[in-house]
Enquirer: 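My questions will all concern the structure given below.
In what follows, chains are A, B, ... by sequence order, proteins preceding strands, each numbered from 1.
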Amino acid sequence: MKKLLALLLVLALVASSLAGCGGAEDTGDTPSGDAELTVGFIYIGPKTDGGFSEAQDRGRQAMVEYFDGRVKTLEMENVPEEKQAVESAAINMIDQGAKVIIGTSFGYMDTLEALAEQYKDVIFLHFSGNKMNDTNFGNYFGAMEEPRYLAGMVAGMMTKTNKIGYVAAFPYTELLIGINAFTLGARSVNPEAEVLVVYTNAWVDAANEKAAAEALLAQGCDVLEQHCDTTGPQIAAEAAGAYAIGYNMDSREAAPGAFLTAPIWHHEAFYIETIQKILDGTWKPESYYGTMADGYVGLAEMSDLVPDDVKEAVKEVEAKILAGEFPIFVGPIKDNQGNIVVPEGTTLDRAGIWSMDYLVEGAIGTSM
Amino acid sequence: MTAFLAATVVAGTPLLFATLGELITEKAGNLNLGVEGMMLMGAVMGFAVGLCTGNPYLALLGAIGAGAAGAAIYAILTVLLRTNQVVTGLTLTIFGTGFASFVGKSFMGVPAPATVKSLFGTVEIPVLSKISVIGPMFFQQDIFIYFGYIVTICTSLYLWRTKKGLNLKAVGENAAAADASGINVNLYKYVHIILGGALCGLGGAYMSLVTVPVWQENVVAGRGWIAVALVIFASWKPSKALIGAFLFGGLNILGYRLQSMGIHISQYIVDMVPYLATILIVIISTRKNRKEDMGPADLSNPYFREDR
């Protein structure tokens, strides 16, 4: 009897913890009947995480709405970056009729590449990766440096202490690009401004992100920016009477007393364009790099805490970026050791931007 | 500097509650590795109740209830059914993590109501808060932290100054002997495992209601495991647990302070320091080999009365 009870209790524990992993879910916001195309989305976190995955999922919802019944989606959340997990998620969705699989995390790359080899009639799209093939595997990312530059301008004009704090997750290329674009933006309007960088070594750790933000505030920073996934820094800023700039998506409800703006993703721009091509049969593998002009990245509407003259100055540059007349990384640029990293007369192209391994002058922190 | 010290106490408080919870559990002879899970259950239920009712006291009760419920599952499995304590504890951690994600799904990114947050504002203790350094560090904090001091003192008095506490230690040291002397071993185990779980739940609630009062995925982020190590660090003494919790809280945020001051030691190295410190201290304390620094002798042994 006791053994039976033990077995049942253990089974209940295991079953309920597995329930969280679950199968691919058809959320019912898409018609189940006669859609022309089924698209499977694989997310690293929950689609209501208030950040990275939620931004992806909003893009998915907007895309579904746009195609009004022609496209059906399947989603799987909390899929870790492991071969086994990604494979079973993708195959599960392919078995349910998915003809397009979209993997939204960097670590899915190699598994998706192998799957693309195996399932020739399924199209695989990978966010933030650098691998593709000639038939059915493409990748996509965005020029986040553009809205980051604008966010830097906002911070540069709002700071009174000329110290801006930047809470970042890890010191690697994607984040260094963001810090550098932000710093250039801030110093374009306020040459005295310095950007103090603190790394937390985690994408999602609210308490540590807040602790890092508090450390920056204690150093006299009065505007904070972040490249990590929780609203911890914004809450710390609000408590200290400072300003904060968010990331990923508009998060003004979390800290209304501090929120200025946020560089954000509009994934629907890519999803709508690409799914349209797939429906039309004109899609070819590409390495998509969505800009502000493409509507793929952008700056969230500036809050009422931002004075009108700051808004105007930012909008002026925004218009230039949208018109394609304002590259972000134009020489001469010095790194924070004083070496010239982009010589005068040079403008960094996508490859140049993505080989950054330094922080620019005015950014105080390490790049390793 | 005082700001850093005050932040140290804040960062250490969830560790303190969880460490005391695990300490009491281990004193009953049970190793519960489900601390992380129970903290997350407490964090999510505390937040959920706070969100629905707007009442901070009910929120705390919710957190206590959730931590206790998690511990109760563990207690039934390990005490009544004598399952392996290590495996059961690990399962509880996985369960608690899933439970928190599942329950928290609907209010991800939602801030806690102002009525709940208002209870956890800074309250200065008269006289004591005026002492230099120590005042701002320990006595210009929120009431949750003061409650942590009280729980530490009470636990200490309970374990060394009351009959029940001594009985509890007997259960952990030698359950068979305790049983022979007329102590109800299983009752002691149940009560203290559940009490320990309740404290872990409170530790989790501190993270979701006070530290960052917005619900986010995985707020506890591994602190439950540090608490398990801290029990050994503290050699099963509440007073040392208090020191250990604040020390580790400080080490946890030290790296950010250094980085923001322009001292750029790689954050990876700073992240290693608390764990290196644990290993070091465990080595030192076992070298001395003093009886009072050892854990309960019957720790993680299931008790079969029939085997006596």
Side-chain angles (χ1 to χ4, degrees), chain A residues 2-3 5-7 9-10 12-14 16-21 45-51 54 77-78 165 167 170-171 196-202 204-219 221 229-232 234-236 251 253-256 364-366 368, chain B residues 3-4 7 10-11 14 37 73 76-77 80-83 87-88 91-102 104-111 207-208 211-223 249 252-262 264-268 270-271:
Chain A
K2 274 185 179 172
K3 273 192 181 151
L5 185 58
L7 196 69
L9 277 170
V10 169
L13 268 180
V14 171
S16 45
S17 50
L18 284 180
C21 312
K47 55 191 178 190
T48 50
D49 64 358
E54 183 161 346
E77 304 167 79
N78 294 318
V167 182
F170 297 95
L196 278 62
V197 185
V198 168
Y199 299 100
T200 59
N201 274 359
V204 185
D205 186 337
N208 276 354
E209 283 163 30
K210 186 175 175 227
E214 281 167 350
L216 287 163
L217 292 163
Q219 286 302 308
C221 296
D229 292 346
T230 83
T231 44
Q234 295 159 45
I235 289 160
S251 58
E253 315 88 60
I364 300 170
T366 168
M368 324 181 243
Chain B
F4 170 68
V10 173
I73 302 176
I76 293 170
L77 284 167
L80 181 63
L81 305 164
R82 304 193 188 93
T83 54
V87 177
T88 311
T91 321
L92 181 59
T93 286
I94 301 170
F95 168 75
T97 312
F99 177 85
S101 301
F102 178 71
K105 228 172 171 173
S106 57
F107 45 83
M108 190 77 70
V110 175
M207 312 240 23
S208 67
T211 315
V212 182
V214 173
W215 180 252
Q216 325 242 10
E217 182 77 355
N218 196 16
V219 276
V220 176
R223 285 169 184 82
N252 185 21
I253 59 170
L254 175 68
Y256 309 139
R257 298 278 161 168
L258 291 178
Q259 285 188 54
S260 68
M261 286 191 281
H264 298 296
I265 306 161
S266 169
Q267 183 63 23
Y268 295 104
V270 179
D271 281 354

Enquirer: Report which part of B/Glu217 has an atom under 4.5 Å of a heavy atom belonging to chain A: side chain, backbone, both, or neither.
Expert: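 Both backbone and side chain of B/Glu217 come within 4.5 Å of chain A.
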
Enquirer: Let me confirm one number: the OG1-CG distance from B/Thr97 to A/Asn78, rounded to the nearest 0.5 Å.
Expert: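 If I round to the nearest 0.5 Å, the distance is 11.0 Å.
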
Enquirer: At their closest point, which heavy atom of A/Lys210 faces which heavy atom of B/Val212, and how far apart are they?
Expert: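 Answer, listing the atom of A/Lys210 first, then B/Val212: CD-CG2, 3.7 Å.
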
Enquirer: Out of curiosity, B/Met108 CE to A/Lys47 NZ, how far, rounded to the nearest 0.5 Å?
Expert: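 The distance works out to 12.0 Å.
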
Enquirer: So which residue, A/Gly45, A/Ala213, A/Ala207, ends up with the most heavy-atom pairs under 4.5 Å with chain B?
Expert: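 Most pairs with chain B among the choices: A/Ala207.
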
Enquirer: When heavy-atom pairs shorter than 4.5 Å are enumerated against chain B, which of A/Leu216, A/Ile364, A/Ile235, A/Thr231 gives the highest number?
Expert: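 Ranked by heavy-atom pairs under 4.5 Å with chain B, first place is A/Thr231.
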
Enquirer: Can you tell me how far CG of A/Asp229 sits from OG1 of A/Thr200, rounded to the nearest 0.5 angstrom?
Expert: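 The OG1 atom of A/Thr200 sits 9.5 Å away from the CG atom of A/Asp229.
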
Enquirer: Taking side chain as everything from C-beta outward and backbone as N, CA, C, O, which of these in B/Met207 sits under 4.5 Å from a heavy atom of chain A? Side chain, backbone, both or neither.
Expert: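 Side chain only.
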
Enquirer: At a 4.5 Å cut-off on heavy atoms, which part of B/Ser101 comes close to chain A: side chain, backbone, both, or neither?
Expert: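 It is neither, since no heavy atom gets under 4.5 Å.
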
Enquirer: Counting heavy-atom pairs under 4.5 Å with chain B, which one of A/Leu196, A/Val167, A/Asp205 comes out on top?
Expert: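 Of the options given, most contacts go to A/Asp205.
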
Enquirer: So, taking the atom named CD in A/Gln219 and the one named CD in B/Gln259, what distance separates them when rounded to the nearest 0.5 Å?
Expert: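 Output value for this atom pair is 11.5 Å.
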
Enquirer: Check B/Thr88, B/Ile76, B/Thr91 against B/Thr83 for a side-chain contact (heavy atoms from CB on, under 4.5 Å) and give me the one that passes.
Expert: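 With B/Thr83 as partner, side-chain contact (heavy atoms from CB on, under 4.5 Å) holds for just one option, B/Thr88.
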
Enquirer: Any idea which of A/Val197, A/Thr366, A/Asn201 has the most non-hydrogen atom pairs under 4.5 angstrom with chain B?
Expert: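 Top count of heavy-atom pairs under 4.5 Å with chain B: A/Asn201.
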
Enquirer: Under 4.5 Å heavy-atom distance to chain A, tell me which part of B/Phe107 shows up: side chain, backbone, both or neither.
Expert: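 For B/Phe107, no heavy atom lies under 4.5 Å from chain A.
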
